Amino acid sequence: MEESKKLSLNFIEEIIEQDLAEKTGWKVHTRFPPEPNGYLHIGHAKSICLNFGIAEKYGGLTNLRFDDTNPTTEETEYVESIKKDIRWLGFDWEGREFYASDYFEILYEYAQKLIRKRLAYVDDSTSDEIAEQKGSPTSSGIESPYRNRSVEENLDLFSRMRAGEFEDGSKVLRAKIDMASPNMHLRDPVMYRIKKESHHRTGDAWCIYPMYDFAHGQSDSIEEITYSLCTLEFENHRPLYDWYIEALDIFPSRQIEFARLNVSHMVTSKRKLLQLVEGGHVKGWDDPRMPTIAGLRRRGYTPASIRTFCDKVGIAKRENLIEMALLEFCVREDLNQTASRAMAVLDPVKVIIENIDPEHVEWLKAENNPEDPDAGSREVPFSREIFIERSDWMLDPPKKYFRLGPDRTVRLKHAYIIHCHDHKLNANGNVSEIRCTYYPDSKSGSDTSGIKAKGTLHWVSTSHARSVEVRHYHTLFTEPEPTRDEDKDFLEFLNPDSLTVIPSAVAEPALAAAPVGSRFQFLRKGYYIKDQDSTDDCPVFNLIVELRDSWKGKK
RNA sequence: AGACCUAUGGUGUAAUCGGCAACACGUCAGAUUUUGGUUCUGAAAUUCUAGGUUCGAGUCCUAGUAGGUCUACCA
């Protein structure tokens, strides 16, 4: 299967295969480098799958490295949630769990080395002044008045920065590169800043912290990462990434950029996700509408379906917007094979089968999954009064309506064929009760009636029905790209119908007994997962994704 | 506009390095079906523009156009 599948390589695999062919003893070593300041989302999943997947494909390794160089925003709590999410997705860093903060001492020595090479200096300019010195993309910058301090003075000042002699913001260490470079990142970038704050791992040991550009590439190098895969917005950082490595003369890791994942009707910026949570637009980081890994997990997405999705979206360098339909396809494809079927009626209306005795109960055999013979079967109770879906009956149906209506015939799934001969309407003209007769010789599996029924309905015996709460989720945004319009806040495109709660749907007994986290296909409806909010009295089911529906009420 | 990057059906991604533009999702139609699910078959739909090189260009060259990124003591 994998033989015929991967005839074509993505551009990163091409680079790797070329390296492998040309360099003897070459190893593939990647890393996944989250900053522990937020929850992982679907975009991170792409990066995780890429980094771990490519290492696995070429017999290499992947490190987990927390990019924790900013004590202001980072917390241990996030470290734990990130590790949980990666494991849940199905990847293992095999104990290679590192932290940029582990390298603070080495980084400090690296900085001293650059000072000695006259490639770094302590700058007393304020951040405003530094910003001013930078110039603009179209005009060159100007050099800082502190740029030509002596090596001795720089070394002294830098050590005193570390010793805590100076206030936050009063001094920084800068690389001495080129204030006229067309690349803004090369205009004497800041390497270290003073922050007298406790770090989640190093505590108060440090009051100077390295910037991303002076930490990330060096960490890659220390770990001898051969391929440092990151997203496109770091393209302009690559010359600086390379400059530091060359100036320091350390292991030459290589940064390769690929396009980040964008999925329609979702946002993935940390700031916007935070806004959704803090603004109360969702119920938390694991709200089933959130594109976070925690949200997708609670929504019912399987790890396998997310991995398949990440594989299908591909790796390239052009900006993209993946349709959510692809994600939905991936989870349906998975769940079709694995989810047990069950019957639940979301909007019930009562059917009375007049030629069944009121006391009669028959337990019918129902297969759990037609796609999987090993899934076995269960018993479903059938009796005189049942519920069917309100939308499965129509007073005056259109031409190709296969369901029930006056004087119509349908099959009840796993049971008998029934014929509707009477009904009651309420004041609003909606059906309130349906009266039928059944054909005793039409039982599923041993039908000798010869009667043909075009439609098959799901149903639940009224006296055995369990009440369940069902939560229907739809896209959080009404627009495919809620951040597209720069004049409008993305919150304006929040979908008011992203959550619909059905407080009292009815379900067959097996559903109420299922453990939290079990997934089902509600026949003819969709895939659902039992939510952690469930109680004994009130089981709760989240809609994962609806079944495809080629009917959709077409006329 | 200064630099860097990108441009292939509606959406993504390929095209064995110059040789009949394909795969997936989506859409539409049909078949099968005791889930209007699944499965199967078929259809519509693609190389940003203009020149050039070549027997032959999605691929090479030139010039445009469009989009993205960059001016944090964030990552």
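Computed from heavy atoms alone, side chains included, the values below leave out hydrogens, waters and symmetry copies. Residue numbers start from 1 in every chain, and the chains themselves are labelled A, B, ... in the order their sequence lines are given, proteins ahead of strands. This structure is a prediction, so every number in the text was calculated from the model and none was measured.
Distances shorter than 4.0 Å separate some side-chain N or O of A:Arg318 from OP1 or OP2 on B:rU8. For B:rG68, neither phosphate oxygen OP1 nor OP2 lies less than 4.0 angstrom from any side-chain nitrogen or oxygen of A:Lys317. In this structure, A:Ser140 does not reach the B:rG2 phosphate: none of its side-chain N or O atoms is under 4.0 Å from OP1 or OP2.
Rounded to whole Å, the separation between the P atoms of B:rU47 and B:rA22 comes to 13 Å. B:rU41 and B:rC5 are spaced 43 Å apart, taking the C1' atom of each and rounding to whole Å.
The distance between atom CH2 of A:Trp459 and atom P of B:rU34, rounded to the nearest whole Å, is 18 Å. Nucleotide B:rC4 holds its C1' atom 12 Å from the CG atom of A:Leu186, rounded to whole Å. Atom-to-atom, CG of A:Asp168 to P of B:rC74 comes out at 10 Å; the value is rounded to the nearest Å. The separation between A:Leu321 atom CG and B:rC25 atom C1' is 13 Å, rounded to whole Å.
The base of B:rG10 sits within donor-acceptor range of the side chain of A:Glu323, with an N or O pair under 3.5 Å. Between the base of B:rU38 and the side chain of A:Gln337 there is no donor-acceptor pair shorter than 3.5 Å. Between the side chain of A:Arg548 and the base of B:rG36, no donor-acceptor pair under 3.5 Å is found.
Of the candidates B:rU35, B:rG2, B:rU6, the closest approach to any side-chain atom of A:Thr138 belongs to B:rG2. Counting only heavy atoms from C-beta on, A:Val190 has its side chain closest to B:rC73 among B:rU35, B:rU71, B:rC73.
The backbone N or O of A:Ile225 lies less than 3.5 Å from a partner atom in the side chain of A:Ser253, making a donor-acceptor pair.
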Donor-acceptor pairs under 3.5 angstrom involving side-chain atoms of residues 329-337 of chain A: please list them, not counting sequence neighbours.
unit_1, atom_1, unit_2, atom_2, d
A:Arg332, NE, A:Glu546, O, 2.7
A:Arg332, NH2, A:Glu546, O, 3.1
A:Asp334, OD2, A:Thr302, OG1, 2.4
A:Asn336, OD1, A:Arg341, NH1, 3.4

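One side chain, A:Asn70 or A:Thr72, offers a donor N or O that lies under 3.5 Å from an acceptor on the other.
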